[in-house]
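Data block below; observations after.
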Amino acid sequence: MALIVHKYGGTSMGSPERIRAVAKRVAKWARAGHQMVVVPSAMSGETNRLLGLAKEVQPAKVDDAVLRELDMIACTGEQVSVGLLSLALQAEGQPAVSYNGWQVPIKTNSAYTKARIESIDDVRVRADLAAGKVVIITGFQGIDEGGNVTTLGRGGSDTSAVAVAAAMKADECLIYTDVDGVYTTDPRVVPEAKRLSTISFEEMLELASQGSKVLQIRSVEFAGKYRVPLRVLSSFTPWDIAIDEEAKSGTLITFEEDEKMEQAVVSGIAFNRDEAKITVVGVPDKPGIAYSILGAVAAANIDVDVIVQNVSHDGRTDFSFTVHRNDYARTVDLLKNTVQPATGALNIIGDAKICKVSIVGIGMKSHVGVASTMFKTLSDDGINIQMITTSEIKTSVVIDEKYMELAVRALHKAFGLDDPAKVV
Ligand code: ADP
Ligand code: ASP
Ligand code: MG
């Protein structure tokens with residue numbers, strides 16, 4: 001008998017019929033003798049619908065009081081899901097009970113809309129499991145010290161599930177979704193993408209941080225920190241397939257390097273359209289300039305990603321960086337109103353129509369020429385690179401967003417990922 005955590009995403013929970021299929025699958029695992037904790041997302045489209053309503057009522061302002069209410073609104077999607085799933089399990093003859101995050105409780109900090117989990121109390125959950133119930137806990141939700149409901153950021157149910165698995169020392173955390181594992185890139189963009197039977201934790205962390213939304217990055221961080229056995233698999237297989245077969249399907253996140261990983265130079269390609277580029281033009285090139293720009297941005301709680309400072313001419317330089325698109329207008333305002341007057345910069349310009357494409361692979365540690373292959377591939381397709389950033393196992397480029405799919409497809413081919421023989 002094992003303690004297993006299942007997570008089901010929005011599409012997997014997308015209709016009463018899908019929820020019944022999830023209930024049948026979970027009941028199958030429970031009948032096999034496992035203790036089951038299930039963490040579902042809101043039904044697909046529901047979180048967007050709820051946040052859309054909020055925007056209709058109050059479109060402009062963003063402060064803590066507003067963000068608090070966004071969490072009050074957004075968290076309700078998951079409450080509906082857990083209740084429905086519990087009913088469906090009971091209809092299967094499987095005792096079940098559902099909880100909101102605050103009832104467990106899952107405690108977080110107070111960073112509304114992007115809260116971080118601080119602790120999880122498992123006493124209530126364990127008592128229910130011991131009484132033979134399946135326990136269903138809302139994804140995405142938590143509660144802060146002041147008793148306010150919080151949410152964990154978009155895609156945060158992955159993190160709820162892995163955190164619950166870590167807190168309860170679960171034997172395995174299975175992330176059920178609408179694709180049958182982690183692919184070399186998003187299979188919806190590149191149909192030739194191949195499913196990986198395993199992927200190293202480090203690579204998964206990079207892919208998630210560079211935009212592969214198959215797992216929220218914080219869920220991968222949790223899995224790494226607490227060594228949670230983590231697998232991504234499909235909720236669209238027949239619910240009654242043999243448990244042994246199901247338990248081996250999908251993609252396992254591994255913590256040890258194996259032979260296969262040493263072979264692949266580039267394991268995957270990630271992309272995201274969530275960023276915008278801003279350039280502070282003609283800023284006087286003197287010590288402290290990066291701080292006077294980015295210090296002001298950080299003080300406004302805006303995260304910065306890629307940063308490039310150009311060589312200076314005549315004592316002035318251009319300083320470019322990317323921020324999340326949601327923060328774009330706010331950052332430009334901030335720079336125009338405070339940083340430009342304070343530094344004497346000549347202009348602030350920006351471009352929200354960019355994307356970032358990243359190649360990721362542990363093999364990049366020991367192979368030279370990987371980045372140059374990337375740059376050649378893009379240049380062969382006439383794609384201009386605006387910014388470049390690298391780490392030991394990834395190279396990212398910022399390009400015009402209209403070339404995103406072209407770039408991803410070309411790179412997928414150039415690194416041999418279209419070739420079935422090369423990918424396991
Ligand atoms: P869920 O609602 O189950 O959490 P998400 O939509 O958040 O599902 O994540 C699954 C989606 O992630 C897939 O439908 C796929 O389009 C996308 N995706 C992006 N990159 C990858 C990748 N490398 N492998 C698999 N799926 C990916
Ligand atoms: N329902 C939330 C979202 O849409 C959380 C999740 O799906 O993981 O972002
Ligand atoms: Mg998701």
Side-chain angles (χ1 to χ4, degrees), residues 6-15 18 22 38-52 70-71 73-82 101 113-115 117 137-142 150-164 173-199 203-220 231-236 250-251 253 266-274 357-361 404-405 408 411-412 417 423:
H6 280 191
K7 181 261 171 177
Y8 292 90
T11 317
S12 310
M13 294 288 294
S15 65
R18 296 286 331 142
V22 168
V38 186
V39 179
S41 297
M43 296 170 78
S44 56
E46 184 60 9
T47 310
N48 286 344
R49 188 185 74 83
L50 292 165
L51 292 173
L70 293 183
D71 280 357
I73 297 160
C75 79
T76 61
E78 270 69 13
Q79 179 170 343
V80 172
S81 281
V82 291
T113 75
K114 50 180 173 189
I117 294 177
I137 303 173
T138 49
F140 192 46
Q141 283 186 18
T150 55
T151 70
L152 309 181
R154 299 307 304 268
S157 298
D158 297 332
T159 303
S160 307
V162 178
V164 166
C173 181
L174 303 178
I175 307 279
Y176 287 87
T177 184
D178 55 6
V179 283
D180 63 353
V182 178
Y183 277 65
T184 47
T185 191
D186 189 338
R188 295 185 203 285
V189 170
V190 181
E192 293 78 18
K194 299 283 174 318
R195 182 174 60 81
L196 301 160
S197 58
T198 61
I199 185 166
E203 289 171 316
M204 193 62 242
L205 195 64
E206 273 298 357
L207 285 175
S209 84
Q210 299 308 322
S212 293
K213 69 168 184 168
V214 63
L215 286 177
Q216 196 201 38
I217 180 164
R218 285 189 195 157
S219 70
V220 188
R231 184 179 285 276
V232 176
L233 67 171
S234 173
S235 70
F236 284 77
T251 302
I253 318 301
V266 170
S267 302
I269 302 175
F271 49 86
N272 90 55
R273 256 181 286 231
D274 296 339
V357 176
S358 308
I359 55 171
V360 172
M404 191 185 83
E405 296 191 359
V408 174
L411 292 169
H412 197 265
L417 300 176
V423 186

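Just so you know, ligand 1 is whichever comes first in the structure, and atom 1 is the first atom listed for that ligand. What you see is a predicted model, and the numbers here were worked out from it, not measured in a lab.
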Which residue supplies the protein heavy atom nearest to [atom], what is that atom called, and how far is it?
| atom | result |
| --- | --- |
| atom 7 (O) of ligand 1 | K213 O, 3.5 Å |
| atom 17 (C) of ligand 1 | D186 OD2, 3.6 Å |
| atom 27 (C) of ligand 1 | V214 CB, 3.7 Å |
| atom 9 (O) of ligand 2 | R154 NE, 2.7 Å |

Quick one: [atom1] on [X] to [atom2] on [Y], what's the gap to the nearest 0.5 Å?
| X | Y | atom1 | atom2 | result |
| --- | --- | --- | --- | --- |
| S12 | K7 | OG | NZ | 7.0 Å |
| L207 | L205 | CG | CG | 9.5 Å |
| F271 | I269 | CZ | CD1 | 9.5 Å |
| Y8 | T177 | OH | OG1 | 11.5 Å |
| T76 | E46 | OG1 | CD | 6.5 Å |

Practice item. Give the contacting part of S157 toward ligand 2: side chain, backbone, both or neither, where contact means a heavy-atom distance below 4.0 Å. Key: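 It is both parts that get close, each with some atom under 4.0 Å.
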Check your understanding: Going by atom types only, do D178 and T11 share a side-chain donor-acceptor pair under 3.5 Å?
Key ->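 T11 and D178 do have a side-chain donor-acceptor pair below 3.5 Å.
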Check your understanding: With a 3.5 Å cut-off and no angle check, do the side chains of D71 and T150 form a donor-acceptor pair?
Key ->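 Side-chain D/A pair, D71 to T150: absent.
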Practice item. May I ask you to check whether G155 has an N/O atom sitting below 3.5 Å from an N/O atom of ligand 2? Key: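 Yes, at least one N or O pair falls under 3.5 Å.
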Exercise for review: Please say whether S41 places an N or O atom under 3.5 Å from an N or O atom belonging to ligand 2.
Suggested key: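 Min N/O separation from ligand 2 is below 3.5 Å for S41.
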**Study point:** Numbered atoms and elements of ligand 2 in range of E78, under 4.0 angstrom, heavy atoms
**Key:**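 Selected atoms, number and element: 1 (N), 2 (C), 5 (C).
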Counting both backbone and side chain atoms, is some N or O of [X] under 3.5 Å from an N or O of ligand 1?
| X | answer |
| --- | --- |
| R188 | yes |
| D178 | yes |
| K7 | yes |

At a 4.0 Å threshold, what atoms of ligand 1 neighbour a non-hydrogen atom of [X]?
| X | answer |
| --- | --- |
| V182 | 24 (N) |
| V179 | 13 (C), 14 (O), 25 (C), 26 (N) |
| Y183 | 22 (C), 23 (N), 24 (N), 25 (C) |
| G10 | 2 (O) |
| T177 | 1 (P), 3 (O), 8 (O), 10 (C) |

Check your understanding: I253 and side-chain contact (heavy atoms from CB on, under 4.5 Å): which partner among I175, L215, V162?
Key ->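 With I253 as partner, side-chain contact (heavy atoms from CB on, under 4.5 Å) holds for just one option, L215.
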Review point. Looking only at non-hydrogen atoms, which of G9, G155, P40, G181 approaches atom 25 (C) of ligand 1 most closely?
Key: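 Nearest option to atom 25 (C) of ligand 1, by heavy atoms: G181.
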Review point. Does the ring of F236 carry R18 above it, NZ/CZ under 6.0 angstrom from centre and within 45° of its axis?
Key: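 Output yes; distance and angle both within limits.
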Exercise for review: Say whether G156 and ligand 2 are in contact under the criterion: heavy-atom distance to a ligand atom below 4.0 Å.
Suggested key: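 So G156 counts as touching ligand 2.
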Review point. So does Q79 have more than 12 non-hydrogen atoms from other groups sitting under 6.0 Å from CD?
Key: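 No, the 6.0 Å shell around CD holds no more than 12 heavy atoms from other groups.
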Practice item. Just let me know how P187 lines up against ligand 1, side chain, backbone, both or neither, with a heavy-atom cut-off below 4.0 Å. Key: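 Answer for P187: side chain.
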Check your understanding: Where does I175 meet ligand 1, judged by heavy-atom distances below 4.0 Å: at the side chain, the backbone, both, or neither?
Key ->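 For I175, there is no contact with ligand 1 at all, from either part.
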Exercise for review: Of all the heavy-atom pairs spanning G10 and S41, show the shortest one and how long it is.
Suggested key: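 Closest pair (atom of G10, atom of S41, distance): N-CB, 3.7 Å.
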Check your understanding: Just wondering, do E206 and S358 contact through their side chains at under 4.5 Å, heavy atoms?
Key ->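 They are not in contact (no side-chain heavy atoms under 4.5 Å apart), so the answer is no.
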